[in-house]
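Below, chains carry the letters A, B, ... as their sequence lines are ordered, and counting in each starts from 1. As the structure is a prediction and not an experimental result, all values here were calculated from the model.
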Amino acid sequence: MRLSRLFFTSLRDDPADAEMASHRLLVRAGYVRQLGAGIYSLLPLGFRVSQRIEQVIRDEMNAIGGQEMEMPVVHPADLWRETGRYAKIGPEMVRFKDRSGRDMVLAMTHEEVVADLLRDLVKSYRQLPAIVYHFQTKFRDEPRSRGGLIRVREFVMKDSYSLDADAAGLDRAYDLHYAAYEKIFERLGLATVAVGADVGIMGGSLAHEFMALNDAGEDTLVICEACGYAANQQIAAVGAPDPAPEELRLIEEVATPETPTIASLAALLGVGTDRTAKATFFVTGDGRLVTAIVRGDFEVNETKLGNAVKAIGGLRPAQTEEIKAAGMEPGYASPIGAHDTTVVMDELAARSPNLVAGANRHGYHLLNVNSGRDFTPDLVTDIANARAGDGCPNCGSPVVLRQGIEVGNIFKLGTDFTKALGSTYLAEDGSRNLVVMGSYGIGLGRAMACIVEAHHDDKGIAWPASVAPYPAQLVSLGASRDPAVGEAAEGLYQRLTDAGVELLYDDRDESPGVKLTDAELLGMPRILTISPRSLTAGGVEVTDRASGERSVRPVSDVEAELRG
RNA sequence: CGGGGCGUGGCGCAGUUAGGUAGCGCGCAUCGUUCGGGACGAUGAGGUCGGAGGUUCAAAUCCUCUCGCCCCGACCA
């Protein structure tokens, strides 16, 4: 491809609204353009990268027996009503009516369609197992997109679905995907860590997220470098040590003016935050007030809490009036004397003796509060966030926290969807059983952005060879003055093109500075410079974009290697 | 949805406080000189200042409403 003909432009200045390196560079180098919030066009260069990522994924999906297909972006709402998700999913699903007034939705994912196809196509155990997948557009009307391609509303995802006769089959399909994902991300140049993830209240039994480590990542990961334990903080078990046993002392009310926060309370009383109990309040989607108690040195984990109380429609922070209505005083609250609320006690807090807790009276706290003696929680379980340095739940070594970007997930769905849609098969023994499903996703645009995050420097992108839009960028310098340069560059480009090897050829009549700067910005793995100087030195100057290593080599050598 | 910020040629910005009829840099076009690290000179094209309404002799600037985008939080099948 001649750069003079390429539908693109590079920008000298960083776009004002791009903060992450991947966003900045992909826009500046002419790979993508924004159309609206969370909606992007892939320009020819960006599309080529996306296609190359797609091909890597396709290879590995086919290698585990995946069958590529394509399912629609527009679905009849009735199908989503059958599984109950039409009502369950909020405004992130786009709904509209077609010309006949039928309710339609834009696909956020394709479990429904797969399960619908199953009841049509699969009738016998002989047809199982199977893995189907496609690369298809999803639209999720996220409340907030961010980070360029990191979190968008419209994106192409590889989603695959495993179809099995039983749970053992699902286990095999899951393991196949796990291994395939490791290969895919390695080939894409992405260092990922697979973490255990929340399966939510949707019924799945096991899920992993493949996380690209990145400081700007939205997820916090709890990682044990000693034993390899890794989990999303949303579900990571807290491995804090047992508190030292103490005699339970008598409860005692003390005046603690102006101490609505744990920090101010601990400072006033001269105790550690680990000697306090923190009460926080949430309301479930179906209107229940939940009082969550953790020790003052921990934070409440809303995912764990939501799962613990089986919150329908999630949790939102409670309002002051709602807390007071249950007999508690915000800032000085405890479950003692509370009513009409579900009290969930963190298990570590429950094991910690003689804590300071609110007196439910403005400006007062209680000393020596003990769970079980002074109040009875409805539920005692782990609802706290694991912290850096806490013991690994697996081996006890101190864990570290890292930020990550979810680039892929694998999920054991089970039979929820096939049950809802009646997708059954006849087994060998004649019994009618539900097909067991798993679903597995990789977002292409997000993967592209993560690759740039991991492969760039202050000059631009440095694509891994596996996904680069072209293997090399050929740059001619001074062609307009030295016919030999033009001939050498044109000749090399022409011969390689004829041989089916595509290069990006900067044939523009620009100054050396512009062309070299652009070549580094665009990030092809190798930059081939042909100039009077290089010809004198023996041919083509080959620069490895990532390492910066340069060598001058005969044109024929370079040509032979690229024909490879 | 809460908080904050921003909308002025393709990109980055100034001008808004103290209303007077739009400017700078880059990019773009043409010509000339340059040519291995975002060259230089000359000439030129391109914007009714996100939109609507209002105040005024006069609005990018003041008022009202509205749309959009970014960041933090909430949210995230």
Next item on the list: Just call it for A:Asp13: base, sugar-phosphate, or nothing, with non-hydrogen atoms closer than 4.0 Å on any strand.
Entry: base
Margin query: Under a 3.5 Å threshold, yes or no: a donor from one side chain and an acceptor from the other, between A:Tyr40 and A:His23?
Written below: yes
Checklist line | Given B:G36, B:A77, B:C13, the nucleotide with the shortest approach to the side chain of A:Ala16 | finding: B:C13
Next item on the list: Quote, to the nearest angstrom, the P distance that separates B:A29 from B:C62.
Entry: 38 Å
Note to self: Less than 4.0 angstrom between a side-chain N/O of A:Gln34 and OP1 or OP2 of B:C70, yes or no?
What the structure shows: yes
Item checked: Between B:A58 and B:U48 - C1' atom distance, rounded Å -> 15 Å
Check: What closest approach, in Å, do A:Arg446 and A:Ile150 show between heavy atoms, and which atom pair accounts for it?
Finding: NE-O, 2.7 Å
Next item on the list: Under a 3.5 Å limit for both distances, which nucleotide forms a Watson-Crick or G-U wobble pair with B:C31, could you say?
Entry: B:G41
Notebook entry, point to check: Can you tell me how far P in B:G25 sits from the matching atom in B:C1, rounded to whole Å?
Noted result: 42 Å
Checklist line | Trace of the side-chain hydrogen bond (donor to acceptor under 3.5 Å, both in side chains) decision for A:Thr261 with A:Ser264 | finding: CA-CA 5 Å; A:Thr261 64; A:Ser264 57; 2.8 Å; yes
Item checked: A:Thr109, nearest nucleotide to its side chain (from B:A77, B:C71, B:G38) -> B:A77
Checklist line | The single option from A:Ile293, A:Asn301, A:Ile383 passing side-chain contact (heavy atoms from CB on, under 4.5 Å) against A:Asp346 | finding: A:Ile383
Check: Does A:Ser511 place a side-chain N or O at less than 4.0 Å from the phosphate oxygens OP1/OP2 of B:A39?
Finding: yes
Item checked: RNA chain B contacts among residues 35-45 of chain A, heavy-atom distance under 4.0 Å -> A:Gly36, A:Ala37
Checklist line | Closest nucleotide among B:G36, B:C71, B:G38 to the A:Asp518 side chain | finding: B:G38
Notebook entry, point to check: Does any donor-acceptor pair link the side chain of A:Glu541 with the base of B:G36 at a separation under 3.5 Å?
Noted result: yes
Check: Of A:Leu535 and A:Gly148, whose nearest nucleotide on RNA chain B comes first from the 5' end?
Finding: A:Leu535
Next item on the list: Looking only at side-chain atoms of A:Arg146, point me to the closest of B:C13, B:G36, B:C75.
Entry: B:C75
Margin query: Please report the distance separating the P of B:U21 from the corresponding atom of B:U16, rounded so that it comes out in whole Å.
Written below: 14 Å
Margin query: If we count only N and O atoms by modelled type, under 3.5 Å, do the side chains of A:Thr303 and A:Asp198 hold a donor and an acceptor together?
Written below: no
Next item on the list: Mark yes or no for a side-chain to base donor-acceptor pair under 3.5 Å between A:Arg508 and B:G27, with no hydrogen or angle criteria applied.
Entry: no
Next item on the list: Specify the separation, in whole Å, of atom CG of A:Asp17 and atom P of B:G68.
Entry: 16 Å
Notebook entry, point to check: Any chance the rings of A:His208 and A:Tyr178 have centres within less than 6.0 Å?
Noted result: yes
Notebook entry, point to check: When every nucleotide of nucleotides 40-47 of chain B is labelled 5' to 3' by its protein contacts under 4.0 Å (heavy atoms), B for base, S for sugar-phosphate only, - for none, what sequence of letters results?
Noted result: --------
Check: Which residue pairs pass the side-chain hydrogen bond (donor to acceptor under 3.5 Å, both in side chains) test when at least one of the two sits in residues 475-487 of chain A, sequence neighbours left out?
Finding: A:Ser476-A:Lys515
Check: Is the base of B:G10 touched by the side chain of A:Arg28 through a donor-acceptor pair closer than 3.5 angstrom?
Finding: no
Note to self: Starting the side chain at C-beta, find the nucleotide from B:G12, B:G36, B:A77 nearest to A:Pro15.
What the structure shows: B:G12
Next item on the list: Starting at atom CG of A:Leu11, determine the distance to atom P of B:G38, rounded to an integer number of angstrom.
Entry: 19 Å
Check: Can you check whether A:Arg12 has a side-chain N or O nearer than 4.0 Å to OP1 or OP2 of B:G27?
Finding: yes
Notebook entry, point to check: Quick one: which of A:His456, A:His455, A:Glu453 gives a side-chain hydrogen bond (donor to acceptor under 3.5 Å, both in side chains) with A:Ser22?
Noted result: A:Glu453
Checklist line | For atom CZ of A:Arg153 and atom P of B:A77, their distance in whole Å | finding: 17 Å
Next item on the list: Could you give the distance separating B:U43 and B:C6 at their C1' atoms, to the nearest angstrom?
Entry: 36 Å
Next item on the list: Check every atom of B:C69, B:G38, B:A77 against the side chain of A:Ile89 and return the nucleotide holding the closest atom.
Entry: B:A77
Checklist line | Pair assignment for B:A18, Watson-Crick or G-U wobble, requiring both distances under 3.5 Å | finding: none
